[in-house]
Amino acid sequence: MGSTNLLFSNIFKIIRPYQWVKNILVFVPMLISHKLDLENFFLSIKAFVVFSLVASTIYVINDIVDIKSDQKHPYKKYRPLAAGLISVNQCKTLILFLIIFCGLLLFNTNSNFFLLIISYFLISNLYTFIFKKFVIIDLLIFATLYTLRIVGGGFITDISVSIWLLSFSVIFFISLASVKRQIELLNSKKIKNSKIPGRGYILNDKKMLNIISISTSYISILVLVLYINSSQVLKLYSSPSILWGMCIIMFFWITRIINVAKRGKIKDDPIVYAINDKISYLCLVLILCIIWLGIAI
């Protein structure tokens, strides 16, 4: 019984359920369009579960591919596969189970969402096997994968996703991807590596990544400003000028994340850091209040 419990504990760790919070992006089209009804809510939940299963499948595949580099990493060496707590064959069985379960959920979904999930899975694996080694291209794919979550939420509910939202998402997540790479370079420096294991970046790229993270973060806020002044917002909000408060909060949040990352206080992923960060939650609550006030007043 003890060994079985240990196996399930390691399986739970390797599928990384704490990362599933990223998939709440599927709810964005429903919330932004103000089409909050039970049907759209349950469809969005289904999209959330499907993306979570696919993401977990990709995490397991990634751990198999990166096992050697993870064993040299100061934090990733404690992952179940890298630490030898679970075998490659057990991981392959887990991948098969996750794919079958995901396939069952996709059986009754519309063709657009089905094709998007297939695309998401293929792009993710191309990233794992090939593109994560290419400088800048990896940032673009990283941002694309996040944006596909939003598009998926729109597809499954048949809600059109605006070009403003797509533009903001791509640029904003390029910024966070750049921050993540800077964190990885700091970790590599700690173990006296000249580059990120399994990636194309070297220590001298840190300045370039810092410029990209800062510039794209502020460009994404500019896109948000332009969206607030668009005709779509005038139709959806009775007091759109209140939404300017979101821009101030977003400016504060992304600047703080970049600064905290530069100081080496984020171990790996800035989004995972935000999940455990009280100030990030406060910023989210304030943004939701601003949106509510923009509708209600």
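Everything numeric in this text was worked out from a predicted model, so none of it was measured. Residues take their numbers from the sequence shown, with the count starting at 1.
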* Return each pair, listed once, that meets ring pair (Phe, Tyr, Trp, His ring centres under 6.0 Å) where at least one residue sits in residues 270-291; pairs must be two or more places apart or across chains. => none
* Decide yes or no on side chain to side chain contact (heavy atoms under 4.5 Å, CB included) for Leu53 and Val49, but give the supporting numbers first. => CA-CA 6 Å; Leu53 291 171; Val49 173; 4.1 Å; yes
* Asked: Between Arg181 and Asp205, does at least one N-O distance fall below 4.0 Å, as a salt bridge requires?
  -> no
* To do: With sequence neighbours excluded, give me every salt bridge (Lys or Arg N to Asp or Glu O under 4.0 Å) pair touching residues 271-297.
  => Arg256-Asp277
* Asked: Which heavy-atom pair separates Ser33 from Leu236 by the least distance, and what is that distance?
  -> O-CD2, 3.9 Å
* Asked: Would you say Lys180's side chain and Pro270's backbone share a donor-acceptor pair under 3.5 angstrom?
  -> no
* To do: Measure the spacing between CD1 of Ile11 and CG of Leu98 and express it to the nearest 0.5 Å.
  => 9.0 Å
* Would you check if Ile295 and Ile291 make a side-chain contact, meaning some heavy-atom pair closer than 4.5 Å? => yes
* Asked: With no hydrogens and no angle check, is any side-chain donor or acceptor of Ser220 less than 3.5 Å from a backbone partner on Phe172?
  -> no
* Asked: Which residues pass the ring pair (Phe, Tyr, Trp, His ring centres under 6.0 Å) test with Tyr146, sequence neighbours left out?
  -> Phe142, Phe173
* Asked: Nearest 0.5 Å, what's the CD1-CZ distance between Ile136 and Phe131?
  -> 14.5 Å
* Nearest 0.5 Å, what's the CG-CZ distance between Leu31 and Phe41? -> 9.5 Å
* Do you see a donor-acceptor pair shorter than 3.5 Å between the side chains of Ser213 and Ser178? -> no
* To do: Indicate, with yes or no, if Leu286 and Val28 share a hydrophobic cluster defined by side-chain heavy-atom contacts under 4.5 Å among Ile, Leu, Val, Met, Phe, Trp and Tyr.
  => yes
* Is there a donor-acceptor pair closer than 3.5 Å between any side-chain N or O of Asp158 and the backbone N or O of Gly154? -> no
* **Other residues, nucleotides, ligands: >12 heavy atoms within 6.0 Å of Tyr59 OH** => yes
* Could you tell me whether the side chain of Ser239 and the main chain of Gly294 form a donor-acceptor pair under 3.5 Å? => no
* Structure fact -> Between Tyr120 and the options Phe155, Phe114, Tyr127, Phe51, the ring-ring contact (aromatic ring centres under 6.0 Å, His included) test singles out Phe51
* Asked: In Å, rounded to the nearest 0.5 Å, how long is the span from CZ of Phe134 to CG of Leu140?
  -> 13.0 Å
* To do: Could I get the full list of salt bridge (Lys or Arg N to Asp or Glu O under 4.0 Å) partners for Asp63, not counting sequence neighbours?
  => Arg16, Arg79
* Asked: So which of Ile219, Ile221, Leu222 actually passes side-chain contact (heavy atoms from CB on, under 4.5 Å) with Ile171?
  -> Ile219
* Do the side-chain N and O atoms of Tyr218 and Thr255 include a donor-acceptor pair separated by under 3.5 angstrom? -> yes
* To do: List, by chain and then residue number, the residues other than Leu284 in its hydrophobic cluster (Ile/Leu/Val/Met/Phe/Trp/Tyr, side-chain heavy atoms under 4.5 Å); write none if there are no others.
  => Leu288
* Other than Phe12, which residues form its hydrophobic cluster under the rule that side-chain heavy atoms must be closer than 4.5 Å? -> none
* To do: Determine, step by step, whether Trp164 and Leu224 satisfy the side chain to side chain contact (heavy atoms under 4.5 Å, CB included) criterion, reporting the C-alpha distance in whole Å, the side-chain angles of both residues, the deciding distance to 0.1 Å, and the verdict.
  => CA-CA 8 Å; Trp164 293 110; Leu224 187 58; over 6 Å; no
* Under 3.5 Å, is there a donor-acceptor pair between the side chain of Asn62 and the main chain of Thr128? -> no
* Do the side chain of Asn229 and the main chain of Tyr227 share a donor and acceptor less than 3.5 angstrom apart? -> no
* Full working for side chain to side chain contact (heavy atoms under 4.5 Å, CB included) between Ile45 and Val26 -> CA-CA 8 Å; Ile45 286 178; Val26 300; over 6 Å; no
* Asked: Do you know which two heavy atoms are closest between Ser87 and Leu81, and how far apart they sit?
  -> C-CD1, 3.9 Å
* Sidechain-backbone polar pair: Ser280 side chain, Asn276 backbone, donor-acceptor under 3.5 Å -> no
* Taking all heavy atoms of Met250 and all of Ile287, pick out the closest pair and write down the distance. => SD-CD1, 4.0 Å
* Asked: What's the shortest heavy-atom distance between Gly153 and Pro29, and which atoms?
  -> C-CG, 3.8 Å
* Under the 3.5 angstrom rule, does the side chain of Ser167 hit a backbone N or O of Ile163 as a donor-acceptor pair? -> yes
* **Leu139 vs Leu209, side chain to side chain contact (heavy atoms under 4.5 Å, CB included): CA-CA, chis, key distance, verdict** => CA-CA 10 Å; Leu139 305 182; Leu209 287 168; 4.2 Å; yes
* Distance in Å, Asn210 CG paired with Gln182 CD, rounded so as to fall on 0.5 Å steps -> 4.5 Å
* Does one hydrophobic cluster hold both Met246 and Val285, with members joined at side-chain heavy-atom distances below 4.5 Å? -> no
* Which ILVMFWY residues are connected to Phe252, directly or by a chain of links, through side-chain heavy atoms under 4.5 Å apart? -> Ile279
* Residue pair Met30 / Leu36: nearest heavy atoms and the distance that separates them -> O-CD1, 3.5 Å
* Asked: Hey, is the main chain of Asn40 close enough, under 3.5 Å, to the side chain of Asp37 for a donor-acceptor pair?
  -> yes
* To do: Calculate, to the nearest 0.5 Å, the distance between atoms CD1 and CD1 belonging to Ile86 and Ile14 respectively.
  => 5.0 Å
* Could you give all pairs that pass the salt bridge (Lys or Arg N to Asp or Glu O under 4.0 Å) test and reach residues 19-31, with sequence neighbours left out? -> Lys22-Asp269
* Asked: Can you name the nearest heavy-atom pair linking Pro240 to Ile228, along with the distance?
  -> O-CG2, 3.7 Å
* **Under the ring pair (Phe, Tyr, Trp, His ring centres under 6.0 Å) test, residues paired with Phe101 that sit two or more places apart** => none
* Not counting sequence neighbours, which residues clear salt bridge (Lys or Arg N to Asp or Glu O under 4.0 Å) with Lys13? List them please. => none
* **side chain to side chain donor-acceptor pair (under 3.5 Å) involving Asn23 - partner list, sequence neighbours excluded** => Ser52, Arg149
* Check whether Leu105 and Phe107 end up in the same hydrophobic cluster, where Ile, Leu, Val, Met, Phe, Trp and Tyr are linked by side-chain heavy atoms less than 4.5 Å apart. => no
* Using the rule that two of Ile, Leu, Val, Met, Phe, Trp, Tyr join whenever any of their side-chain heavy atoms come within less than 4.5 Å, decide whether Ile100 and Val50 are in one cluster. => no
* Please answer whether the main-chain N or O of Ile156 pairs with a side-chain N or O of Asn112 as donor and acceptor at a distance below 3.5 Å. => no
Residues 257-266, side-chain donor-acceptor partners within the protein, below 3.5 Å, at least two apart:
none

* Asked: Are Phe113 and Ile24 connected, step by step, through hydrophobic side chains (Ile, Leu, Val, Met, Phe, Trp, Tyr) whose heavy atoms are closer than 4.5 Å?
  -> yes
* Taking the six-membered ring for Trp, are Phe27 and Phe48 parallel (under 30°), tilted (30 to 60°) or perpendicular (over 60°)? -> tilted
